[in-house]
Amino acid sequence: MLAHSLVAVVACVGSAAAVSVDPLPAPRSIVWGSAGPIAVPDLVAVDLPTSQILADAWDRAWGTIVGLRWVPQATQAPISSYEPFPTATAAAASPSTHKRNENEQQQQLQLVKVNVADVDVDLQAEVDESYTLDLAPGSDTIEINANTTWGALHAFTTLQQIVISDGSNSNDANGLIIEQPVHIEDAPLYSWRGIMIDTGRNFISLPKIKEQIDGMALSKMNILHWHLTDSQSWPFDMHTYPEMIRDAYSPRETFSRSDVSDIIEYARARGVRVVPEVDTPGHSAAGWQQIDSSIVACANSWWSNDNYAYHTAVEPPPGQLDIINNDTYGVVENVYNELSDIFTDNYYHIGGDELNTNCYKFSAYVTDWLSSDPTRTYNDLVQYWVDHAFPIFQNIPNRKLLFWEDLLLGDPHALSVPTENVLVQSWQNGIANIHNLTARGYDVLVSSADFLYLDCGFGGFVTNDPRYNVQSNPDPSQDNFNYLGDGGSWCAPYKTWQRIYDYDFTTNLTSEQAAHVKGAVAALWSEQVDDTVVSDRIWPRAAALAELVWSGNRDERTGGKRTTLLTQRILNFREYLVANGVMATPLVPKYCLQHPHACDLYYNQTVIT
Ligand SMILES: *[C@@H]1O[C@H](CO)[C@@H](O)[C@H](O)[C@H]1NC(C)=O
Ligand SMILES: *[C@@H]1O[C@H](CO)[C@@H](O)[C@H](O)[C@H]1NC(C)=O
Ligand SMILES: *[C@@H]1O[C@H](CO)[C@@H](O)[C@H](O)[C@H]1NC(C)=O
Ligand SMILES: *[C@@H]1O[C@H](CO)[C@@H](O)[C@H](O)[C@H]1NC(C)=O
Ligand SMILES: *[C@@H]1O[C@H](CO)[C@@H](O)[C@H](O)[C@H]1NC(C)=O
């Protein structure tokens, strides 16, 4: 784990600067030698196994290397290059600088040899994503080994970050170099590494979804959790029920079946699985109500945040599938079967969050069912859903279900849900809920809102909110503090990349519990997001999560957090994302990226533990 301490040294016109070639996420193990970089010509022979996915991915990676001639912009430098106090006697160690290796003039990279043990292994959960990448001392060949196509793709995104340009572009050199020797052994800590987008609250177009997938591929994330619909809109054009699309925002803001297949193919070509979520039975009005209004409860109720006793939804508009109406299940089955036809991942997300009991007071089916047996509770009602809907969802070969933790921990919640073939997505109470679920034997996906919700901190979206009508700065200690209270940005503040990276989500778990944690997904709910801002809400913050779940946030030697090392890496990666067309937001004044650690809060580099 020495990546951070080694730098490729590059001669620039007029000055020499140490240039980091740390890829993001940091590999599990990367060992550089110090022989000095060798030149990389624009045309390098490549020996690839026969695979269209590999051939395309190689063309993209190499095309990027040659097309961008990327000069890493953020350097790694020791903190000792600054003087802490005027009285300090510290001799500032200047970053070591070397001339370009003389080898470079004679020696060039000739070949990239890619070996894949089995190119036919499908992209599914838990697939082997490991790879090794070697450039031996004095060698002119990079050798990549992987067990699957998907591991090889990760090797390519590493390679494209470590072949850099020295900034020169003279007659005798094209500027491309790679430090050598280098030996990388890499594999992810967690098999689920993702982001969630929401195309139900606001529409997000195909090109913008692809832009997210590009960022994911570069940061080795592999799950696009696609929250496709919600009670506000149904953008997906179903063949089974063509009337559902009437609840899209407009004919332009829709996805055809071929659009969806296009996204799935695009993602797969980049090692990303697409896991769809059509939320049920909560968050369901749009689309469903077009088929049969009797299968949707409370769709026409006032959400009633003002008179909380009548509250029917966490946000407007209300609507939940009627659990007792028998007709609900035939519709659910037809919708599910059509979606399963298109979304071929073994996992499918059935939603399951935020069921509101008041909503069912609008359903005669439910109120009759409850009153016909006074021992029945709303927990029994949720159990009825599990007992009747799960068999439909599980009636597909190899199908595994993903759902929000509310089905188990919400009020109301089900009384008995099997632990087999399910994965529970935790979003509330941070580590406490992860602890609870794993102790009960459930596999867990971490999306804790306090750390991983990317939409937080932008204020409330509900309109006509009188709590904003105060002529002084709101008092955070008050319940009705405008930006934290009900209806405000409930999950404020904004989660910074440091907040994300420093999240130790397996704290206090036994090793048996920790083994149930399958990974993490950063969620971007889209009440205040569409094409105009989606990329800057997600990037580069999602890259902090990408590294957290790929190689962790700790230095294997010291056990300490390596946030200080991620700093320059993520600042550089942000520049790289933008260069690759992913419109990531700036994290700092550019000064901070060009002056390593000058913008740190403390001089002490190990203050984060
Ligand atoms: C491939 O699989 C073998 C056997 O499971 C394993 O030892 C190796 O680390 C894997 N990865 C690579 C890159 O070979
Ligand atoms: C639903 O179907 C079952 C079995 O066919 C039947 O016993 C029950 O009365 C029906 N319930 C409703 C609410 O229609
Ligand atoms: C999990 O939380 C539920 C609901 O609060 C509680 O009843 C249960 O005892 C908890 N289980 C564990 C193992 O912590
Ligand atoms: C972990 O457990 C310790 C000891 O019970 C407790 O003090 C601490 O708050 C726990 N940490 C978290 C994050 O839950
Ligand atoms: C830096 O911070 C860590 C963590 O608080 C502390 O253990 C260490 O002593 C500090 N180092 C210096 C030089 O102050």
Side-chain angles (χ1 to χ4, degrees), residues 27-31 49 54 78-80 82-85 88-90 113-121 126-134 142-159 182-189 191 220 271 355 377-379 382-383 404-417 419 424 426-444 448 502 507-510 512-514 516-517 550-551 553-555 558-565 597 600-609:
R28 295 283 284 285
S29 165
I30 178 168
V31 181
L54 282 174
I79 187 68
S80 53
Y82 302 100
E83 283 198 39
F85 303 106
T89 54
K113 183 158 178 30
V114 182
N115 309 301
V116 176
D118 184 354
V119 288
D120 295 324
V121 177
E126 318 276 339
V127 71
D128 187 325
E129 297 176 274
S130 66
Y131 70 91
T132 60
L133 188 155
D134 278 285
I142 289 175
E143 184 155 333
I144 288 170
N145 285 299
N147 286 324
T148 70
T149 302
W150 321 109
L153 296 192
H154 293 317
F156 294 172
T157 60
T158 297
L159 182 69
V182 59
H183 173 71
I184 298 174
E185 290 178 23
D186 209 4
L189 284 173
S191 57
K220 299 183 170 54
L355 263 193
T377 66
Y378 280 106
N379 289 347
V382 181
Q383 188 64 42
W404 297 105
E405 65 185 357
D406 309 44
L407 274 186
L408 295 161
L409 292 173
D411 181 18
H413 58 82
L415 302 164
S416 161
V417 180
T419 52
V424 184
S426 179
W427 63 283
Q428 297 211 82
N429 296 329
I431 290 158
N433 281 12
I434 298 167
H435 197 288
N436 183 300
L437 294 164
T438 54
R440 292 157 68 182
Y442 289 101
D443 283 348
V444 168
S448 308
D502 291 341
T507 302
N508 287 353
L509 301 189
T510 65
E512 198 186 330
Q513 283 177 289
H516 281 299
V517 177
W550 181 276
S551 54
N553 60 10
R554 291 187 183 276
D555 187 302
T558 65
K561 285 232 170 102
R562 52 181 186 179
T563 317
T564 188
L565 302 172
H597 299 291
D600 287 1
L601 184 62
Y602 298 120
Y603 186 73
N604 184 342
Q605 289 291 285
T606 56
V607 71
I608 299 170
T609 56

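Each ligand, and each atom within it, is numbered from 1 in the order the structure gives. Remember, predicted model here, so these are calculated numbers, not experimental data. Side chains are part of it too, since the values below use all heavy atoms of this structure and drop only hydrogens, waters and symmetry mates.
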How far is atom 5 (O) of ligand 5 from its nearest protein heavy atom, and which residue and atom name does that atom have?
Val607 O, 4.2 Å

Just by distance, with hydrogens left out, do Asp600 and Gln605 show a side-chain donor and acceptor under 3.5 Å apart?
yes

Mark up the atoms of ligand 1 that fall under 4.0 Å of a heavy atom belonging to Tyr131, in ascending order.
13 (C)

Quiz question for you: does at least one protein heavy atom lie closer than 4.0 Å to atom 14 (O) of ligand 1?
yes

For a quick check under 3.5 Å, do Asp186 and Ser29 share a side-chain donor-acceptor pair by atom type?
no

Does ligand 5 come near enough to Asn604 that some N or O of the ligand is less than 3.5 Å from an N or O of the residue?
yes

Number the atoms of ligand 1 from 1 as they appear, then name those within less than 4.0 Å of a heavy atom of Asn145, with their elements.
13 (C)

Main-chain N/O of Asn433 paired with Gln428 side-chain donor or acceptor, under 3.5 Å
no

Of all the non-hydrogen atoms in the protein, which one sits nearest to atom 4 (C) of ligand 5, and at what distance?
Thr606 O, 3.7 Å

When you measure from atom 9 (O) of ligand 3 to the protein, is at least one non-hydrogen atom found at a distance under 4.0 Å?
no

Indicate the ring-plane relationship of Trp550 and Tyr131, choosing parallel, tilted or perpendicular according to the 30° and 60° boundaries.
tilted

Can you confirm, on distance only, whether ligand 1 has an N/O atom lying under 3.5 Å from any N/O atom belonging to Ser130?
yes

Nearest protein heavy atom with distance in Å, relative to atom 6 (C) of ligand 3:
Asn436 ND2, 4.0 Å

Strictly by modelled atom types, are Thr377 and Asn379 linked by a side-chain donor-acceptor pair under 3.5 Å?
no

Among Asn115, Asn147, Asp118, closest by heavy atom to atom 3 (C) of ligand 1 is Asn147

Given Val121, Val119, Asp120, the one that forms side-chain contact (heavy atoms from CB on, under 4.5 Å) with Thr149
Val119

Output yes when a side-chain donor or acceptor of Thr148 lies under 3.5 Å from a complementary backbone atom of Asp128, and no otherwise.
yes

